[in-house]
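Okay, structure first, notes after.
Numbering of ligands and ligand atoms starts at 1, following listing order. From a predicted model like this one, the values you see are computed outputs, not experimental measurements.
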Amino acid sequence: MRIAEVFQSIQGEGEFCGTPSIFVRTTGCNLRCWFCDTPYTSWHPEGSHQDWQALLSDLLKIDCQHVVLTGGEPLLQPQIVPLSQALTDAGRFITVETAGTIFRPVAANLMSISPKMSNSSPHEAGRWQERHNRIRQRNEPLRQLIENYNYQFKFVIDQPSDLDEVTAYLSEFPNVTGDRVWLMPQGVSVPDLAVRTQWLQPAADKLGYRLSPRRHIELFGHTRGT
Ligand code: SF4
């Protein structure tokens, strides 16, 4: 597996916000969001190849029950399947964070799906913009994910106009209830998040969705490995 970093912190987003967690951040992504907050896993992928059994051994030495398999796009990596299963067998609680464009039969207690809206498209025309726009929403793998896992949706919201797109997107999945949907302000600084949260909180309340903080940024800033 190609791994960018492994670190301990707290989960800063969504249902388990505040939970002490180990983050296993794979490197490599099939998308290129302009606002990617981990460009070292997408635009400029870094990291070393690691044997999943050796990684498992290292993870099991850490006294922390909640493991977040994130990226990049962790579902690109075939060895995420045996790693997640072995972690589950060892009693760990697994959250998988994915953009939802790929299905792979991982073991996960929570599938955290962050579909990418049109607001994520790279600004510069070219190969990545074309590819990003073509594959950022794939309904079939997404259906498989929500049928096979306990799940949450997290939508990154940049502008108020993004909300109409979220509503239109979710209309294709009528069984998704509002309590599974988190709206999250775009931004990697406390002031940016605060400005967007001011209008996003009442909008989330009105739509029956939940507002997700980005607690790790509030606590540690936009710092790698936190
Ligand atoms: S899907 Fe996630 S990791 Fe990939 S480019 Fe977008 S924000 Fe970055």
Tracing side-chain links under 4.5 Å among I, L, V, M, F, W and Y, which residues wind up in one group with Met184?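 ILVMFWY cluster around Met184 also holds Trp34, Phe35, Val156.
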May I ask you to check whether Phe93 and Phe16 place their ring centers less than 6.0 Å from one another?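 Yes, the ring centres sit under 6.0 Å apart.
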Strictly distance-based, threshold 3.5 Å: is any side-chain N or O of Thr98 a donor or acceptor partner for the main-chain N or O of Met111?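 No, Thr98 side chain to Met111 backbone: no donor-acceptor pair under 3.5 Å.
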Can you tell me if CZ on Arg2 sees more than 12 non-hydrogen neighbours from other groups inside 6.0 Å?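 Atom CZ in Arg2 is packed in, count exceeds 12.
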Enumerate the side-chain hydrogen bond (donor to acceptor under 3.5 Å, both in side chains) contacts for residues 49-65, please, sequence neighbours excluded, ordered by first and then second residue.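 Applying side-chain hydrogen bond (donor to acceptor under 3.5 Å, both in side chains) to every pair that reaches into residues 49-65, excluding sequence neighbours, yields nothing.
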Apply side chain to side chain donor-acceptor pair (under 3.5 Å) to His132 and list each qualifying residue two or more places apart in sequence or on a separate chain.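 With sequence neighbours excluded, His132 shows a side chain to side chain donor-acceptor pair (under 3.5 Å) to Ser120, given in chain and number order.
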Measure distances from atom 4 (Fe) of ligand 1 and count the protein N, O or S atoms below 2.8 Å.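 Number of qualifying protein atoms: 1.
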